[in-house]
Amino acid sequence: MPLILGMSMLLACQMLGELLARGLAVPIPGPVLGMVILLVALLVRGKVPDSLRTSGEGLLRYLTLLFVPAGVGVMVHGALIGRDILPILLTLVVSTALTLGVTAWVLSRLQGRLGKGGRG
Amino acid sequence: MNVARLDQLWVYLSGNPLLSLLLTLGAFALAVRINKALGGTPLLHPVMLSIVLLIGSLLLLDMDYATYFEGAQFIHFLLGPATVALAIPLYDHRERVRRLLVPLVLACVTGIVTAVASTLGLALVLGARHETLMSLAPRSVTSPIAMGIAEQIGGIPSLAAGLVLLTGAIGCALGPVIFRLLRIQDPAIQGFAMGLSAHGFGTAQAFARLGAVAGAFSGLAMGITGLLTAFLLPPLVHLLGLG
């Protein structure tokens with residue numbers, strides 16, 4: 001039963017999220033709104049039910065597997081990717097490196113400064 | 001005795017979700033084994049390896065992607081509840097998140113601007129086509145969000161999903177190198193940067209390699225980045241006159 005209960009909670013939040021996204025016509029995916037809804041519910045309730053933890057953490061452990069079916073879809077775009085392969089690869093590598101570096105650097109600088117400000 | 005002919009069995013199997021599901025799980029299990037045997041190198045990410053194995057098998061079996069996806073969609077569907085489940089680690093680390101909220105949001109905005117500006121700038125300079133450009137633009141957000149954004153700004157949703165995955169794998173490979181270069185050791189900061197730049201892949205790697213704190217911050221980064229990008233990118237593209 002815990003698996004079923006936990007899964008139902010996750011699906012219910014996702015459904016609420018989807019309905020909200022459609023109802024308000026916002027371009028945010030339902031599951032992301034569902035995540036916000038679940039977070040608010042957990043904050044209100046003050047603890048994570050065991051059943052939810054069982055199914056939720058089980059899903060997160062295998063998160064990478066869930067990307068595989070969509071990823072296989074690149075086979076449909078072989079031709080387009082082939083024509084633009086050089087700009088695509090260069091852009092992805094350089095831009096991802098920059099993003100990683102800038103984000104980590106900014107966060108570590110801000111965290112250090114705020115930490116010192118709090119103590120001083 | 002009436003024994004069915006092999007080709008009749010094949011007709012049954014190829015139109016049944018069982019085969020796609022089994023192929024997907026088998027390819028993933030094999031890819032994880034291969035990756036482990038090679039010392040867990042992030043250069044051959046199990047997901048990229050599974051995708052290559054699966055594309056190879058589909059070509060061999062002469063099965064098209066639409067037929068494959070009819071079965072594999074049951075796995076794909078679980079991405080939704082898994083995204084919702086990211087609220088759990090976030091809740092577990094709520095105190096730390098609350099304390100760091102301002103730096104986190106600021107780092108997030110800086111990261112998104114860096115990602116989008118460098119992607120569009122580089123792809124334009126290197127001469128990518130318009131559809132490619134618009135499919136590349138949302139590449140630093142998790143695939144379900146990226147597909148929605150790509151559609152809005154004139155890209156190809158499924159191509160965007162593929163590029164997102166490629167970005168994730170590249171981020172996983174580059175992350176450890178960049179953190180060593182910048183001497184960043186805090187797992188929370190590493191996780192946040194991974195989630196922002198390599199979304200789902202980065203989050204999965206953060207959980208597996210760096211621990212629950214890094215995983216929570218990675219999930220947080222992925223969530224905020226998705227929300228902010230969905231609001232910021234379409235107007236930005238129109239502003240730049242690219243839409």
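These numbers come from a predicted model, not from an experiment. Chain naming here is simple, since letters A, B, ... match the order of the sequence lines and numbering starts at 1 in each.
- Interface residue B:Leu163: backbone and side-chain heavy atoms are both found under 4.5 Å from chain A.
- Residue B:Ile178 touches chain A through its side chain alone, counting heavy-atom pairs closer than 4.5 Å.
- The nearest pair of heavy atoms linking B:Ile170 to A:Leu92 is CD1-CB, 3.7 Å.
- Using a 4.5 Å cut-off between heavy atoms, B:Leu174 contacts chain A through both its backbone and its side chain.
- Atom CG of A:Leu100 and atom CG of B:Leu181 lie 11.5 Å apart (nearest 0.5 Å).
- For B:Ile156, the side chain to side chain contact (heavy atoms under 4.5 Å, CB included) partners are A:His77, A:Leu80, B:Glu131, B:Ser135, B:Ser158, B:Leu159, not counting sequence neighbours.
- B:Ile189 touches chain A through backbone and side chain together, each having a heavy atom under 4.5 Å away.
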Residue pair B:Ile55, A:Val74: steps toward the side-chain contact (heavy atoms from CB on, under 4.5 Å) verdict: CA-CA 9 Å; B:Ile55 293 181; A:Val74 296; 3.9 Å; yes
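- Within the 4.5 angstrom heavy-atom criterion, atoms from both the backbone and the side chain of B:Met194 approach chain A.
- For the residue pair B:Gly111 and A:Thr99, the shortest heavy atom distance occurs at O-CG2, 3.6 Å.
- Put simply, the side chain of A:Asp84 gets close to the backbone of B:Arg129: a donor and an acceptor are under 3.5 Å apart.
- Taking a cutoff of 4.0 Å between a charged side-chain nitrogen and a carboxylate oxygen, B:Asp92 and A:Lys47 do not qualify as a salt bridge.
- Ranked by heavy-atom pairs under 4.5 Å with chain A, the first of B:Phe207, B:Tyr68, B:Phe69, B:Phe179 is B:Tyr68.
- Applying the ring pair (Phe, Tyr, Trp, His ring centres under 6.0 Å) test to every pair with at least one member in residues 77-96 of chain B, sequence neighbours left out, gives no pairs at all.
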